[in-house]
Structures are given as structure tokens and as C-alpha cells.
Amino acid sequence: SSERRGPVSRHYIRQQRRGRADTCLLRALRAAAISTPRSDKMPGVFLSANPRELKGTDHSLLDDKTQKRRPKTFGMDVKAYLRSMIPHLESGMKPSKSKDLLSADEVKQWSESLEKLLANQTGQDIFGNFLKSEFSEENIEFWLACEDYKKTESDLLHCKAEKIYKAFVQSDAAKQINIDFHTRESTAKKIKAPTPTCFDEAQKIIYTLMEKDSYPRFLKSNIYLNLLNDLQANSL
């Protein structure tokens with residue numbers, strides 16, 4: 001019986017049990033990785049559940065492994081990712097004598113400034129998906145909504161301003177942006193008599209946040225570096 005075993009024997013048994021438990025856990029994780037369906041939007045990326053739903057649950061071990069694995073997985077198949085996300089780029093990703101829809105020089109210019117990145121439709125899409133991987137896609141969605149709002153006809157300003165405010169600015173917004181209390185209150189007052197510039201203050205804060213925080217990490221990410229290297233190789 002276990003009572004008759006000495007300290008060394010009990011220690012040995014505990015070590016054996018821990019070893020078996022670790023082996024079972026490793027097998028379970030491998031099985032989950034194999035059986036998990038691929039995301040339709042990003043081939044090569046495995047998602048076990050909605051990322052936002054995982055935030056409130058106890059998945060610390062899985063989250064740690066996902067975080068460590070993400071950079072490698074996220075850039076493992078850039079061509080397939082872009083073909084799925086932006087179908088018209090498929091021909092541009094292949095070596096061709098004709099002018100590519102997306103050139104290496106164009107992608108390289110994205111590293112010069114966030115302004116140049118966001119001025120390009122493809123750049124917006126790729127940067128937006130990078131922000132999704134960091135759970136901060138509300139920043140670019142708000143910025144783009146503000147850019148669209150500025151072009152709105154005057155008789156539609158009130159309706160569109162309300163939608164943007166409820167979606168991104170108000171304190172209980174589903175995609176609440178990170179702005180200070182003063183700016184939030186100031187924006188709330190401005191939309192009561194909306195003008196094309198009533199979101200400018202908040203938009204500038206979010207742009208600066210992306211420029212100083214997310215944008216530098218994007219330039220170091222595998223998705224950007226692999227895309228640039230891929231296009232440079234195809235242009236040789």
C-alpha cells in the first residue's frame with residue numbers, strides 16, 4: 001500500500017504521474033491544433049474560438065501558446081492570405097512581365113509613414129487585419145468611419161454622427177475607442193449640432209495612438225516583412 005512506501009518511493013510516483021499528465025496535455029493540445037478549422041479570412045491561421053470570447057475565460061495556457069506561436073503562424077502563407085482577403089491581388093502576387101497591382105516599392109513606402117500606409121486601400125486592409133490580431137481593430141474602423149463621415153452630405157450628417165458616436169465613442173459602446181473623458185464629453189456635445197469636423201479631435205487621438213503604438217509593431221510583424229520579401233523576390 002502507499003502508506004508502506006518510503007519518501008523516495010512516493011516522490012518517484014508523483015513524478016511519474018506528473019509526467020503522464022504533461023504527456024496527456026501535450027497530446028490534447030496537438031489534437032486540438034490539428035482538428036481546429038481554419039479561418040475563412042486568413043488561411044494558415046488557426047482560431048479555436050472568437051478571440052473576444054476567449055478574453056473572459058480561463059485559457060491562460062492555451063493563450064500563452066497561441067501568443068508564442070502567432071508571429072510564426074500569422075506570416076506562414078502570405079500569398080494564400082492575400083488571395084483570400086483581396087481576390088484581385090492574386091495575379092499581382094505572381095511573377096509577371098505586366099505591371100503588378102501591388103509592387104514591392106509600394107509596400108516599402110508603407111514603412112515611411114502611417115499616412116502612406118492608410119492612403120493605400122490594400123494597406124488599410126492588411127493593417128486592419130494586423131490590428132484584429134491585437135484586438136484593437138476598433139481604432140482603424142473608427143478612423144475610416146471618420147474619413148467617410150467628412151464626405152457626408154449635410155442632410156445626412158446627424159444620422160451618421162449618431163451611428164459613429166454609439167458604435168465607438170459613448171462609454172458603453174461595443175467598440176469603444178481609447179480617448180480621454182474630456183474628448184468623449186466634447187464629442188457628445190458636438191454631435192448635437194453635427195458638422196463635418198465634429199469627430200476630428202477624437203480621430204486625431206486615435207491616429208496618434210496607432211502611429212506610436214500599433215504601426216511600429218506592424219512594420220516588424222511577419223505579415224508585413226514576408227509580404228515585402230515575397231514581392232521583392234518576385235520582382236527579380
Side-chain angles (χ1 to χ4, degrees), residues 38-47 51 66-151 168 175 177-179 199-236:
R38 292 175 181 261
S39 166
D40 292 333
K41 292 185 178 180
M42 293 187 290
V45 180
F46 293 101
L47 297 176
T66 302
Q67 291 295 335
K68 292 176 182 178
R69 194 166 55 231
R70 175 178 290 149
K72 183 178 180 180
T73 306
F74 199 63
M76 67 187 295
D77 193 351
V78 177
K79 291 182 182 179
Y81 165 70
L82 286 173
R83 283 199 295 267
S84 173
M85 185 180 71
I86 314 165
H88 72 268
L89 280 178
E90 183 168 4
S91 61
M93 296 301 296
K94 299 176 182 178
S96 172
K97 293 182 180 180
S98 60
K99 184 178 180 180
D100 289 338
L101 294 177
L102 186 65
S103 67
D105 288 340
E106 189 175 12
V107 173
K108 192 173 182 180
Q109 287 177 4
W110 296 352
S111 65
E112 295 177 7
S113 68
L114 178 59
E115 181 180 2
K116 289 190 176 182
L117 171 64
L118 296 180
N120 183 281
Q121 180 62 55
T122 305
Q124 289 178 15
D125 293 335
I126 296 176
F127 185 55
N129 275 275
F130 170 76
L131 292 181
K132 284 182 182 179
S133 76
E134 296 200 329
F135 310 111
S136 59
E137 65 270 24
E138 69 276 0
N139 290 332
I140 191 169
E141 289 178 8
F142 172 70
W143 187 86
L144 291 172
C146 291
E147 289 296 290
D148 176 69
Y149 173 78
K150 294 174 185 177
K151 304 170 187 175
F168 300 102
K175 297 183 177 182
I177 53 173
N178 185 16
I179 55 176
F199 289 106
D200 281 7
E201 186 180 2
Q203 186 187 20
K204 184 178 180 180
I205 292 174
I206 295 304
Y207 181 90
T208 302
L209 180 63
M210 291 191 294
E211 185 177 41
K212 293 184 177 180
D213 186 39
S214 304
Y215 176 62
R217 287 198 300 275
F218 169 74
L219 296 179
K220 296 177 182 178
S221 69
N222 282 345
I223 185 173
Y224 174 72
L225 294 176
N226 287 355
L227 172 62
L228 179 60
N229 291 337
D230 207 37
L231 289 171
Q232 287 176 332
N234 286 342
S235 64
L236 295 178

Heavy atoms only: give me the nearest [X]-[Y] pair and the separation to one decimal.
X: Ile205; Y: Asn178; value: CG2-O, 4.1 Å
X: Pro216; Y: Met210; value: CD-O, 4.2 Å
X: Ile177; Y: Ala202; value: CD1-CB, 4.5 Å
X: Gln124; Y: Ile140; value: O-CD1, 3.7 Å
X: Leu102; Y: Leu231; value: O-CD2, 3.6 Å

Report the residues that fulfil salt bridge (charged side-chain N to carboxylate O under 4.0 Å, His left out) with [X], sequence neighbours left out, ordered by chain and then residue number.
X: Glu112; value: Lys116
X: Asp105; value: none
X: Glu211; value: none

Taking the side chain from [X] and the backbone from [Y], do they hold a donor-acceptor pair closer than 3.5 Å?
X: Glu137; Y: Gly128; value: no
X: Asn229; Y: Leu225; value: yes
X: Tyr224; Y: Ile126; value: no
X: Tyr215; Y: Thr208; value: no

How many angstroms lie between atom [atom1] of [X] and atom [atom2] of [Y], to the nearest 0.5 angstrom?
X: Asp213; Y: Glu134; atom1: CG; atom2: CD; value: 7.0 Å
X: Ile206; Y: Cys146; atom1: CD1; atom2: SG; value: 9.0 Å
X: Lys220; Y: Ser111; atom1: NZ; atom2: OG; value: 13.0 Å
X: Ile179; Y: Phe168; atom1: CD1; atom2: CZ; value: 12.0 Å
X: Ser103; Y: Gln232; atom1: OG; atom2: CD; value: 10.5 Å

Between Asp200 and Lys204, is there a side-chain N and carboxylate O pair less than 4.0 Å apart?
-> no
Please lay out, stage by stage, how Arg217 and Phe130 fare under the test side-chain contact (heavy atoms from CB on, under 4.5 Å).
-> CA-CA 9 Å; Arg217 287 198 300 275; Phe130 170 76; 3.9 Å; yes
Could you pull out all residues at least two apart from Glu147 that satisfy side-chain hydrogen bond (donor to acceptor under 3.5 Å, both in side chains)?
-> Lys150, Gln203
Listed partners of Asn120 passing side-chain hydrogen bond (donor to acceptor under 3.5 Å, both in side chains), at least two apart | Glu106
Pairwise ring pair (Phe, Tyr, Trp, His ring centres under 6.0 Å) hits with a residue in residues 103-126, at least two apart | none
For Phe218 and Leu114, run side-chain contact (heavy atoms from CB on, under 4.5 Å): C-alpha distance rounded to whole Å, both residues' side-chain angles, the deciding distance at 0.1 Å, then the answer.
-> CA-CA 10 Å; Phe218 169 74; Leu114 178 59; over 6 Å; no
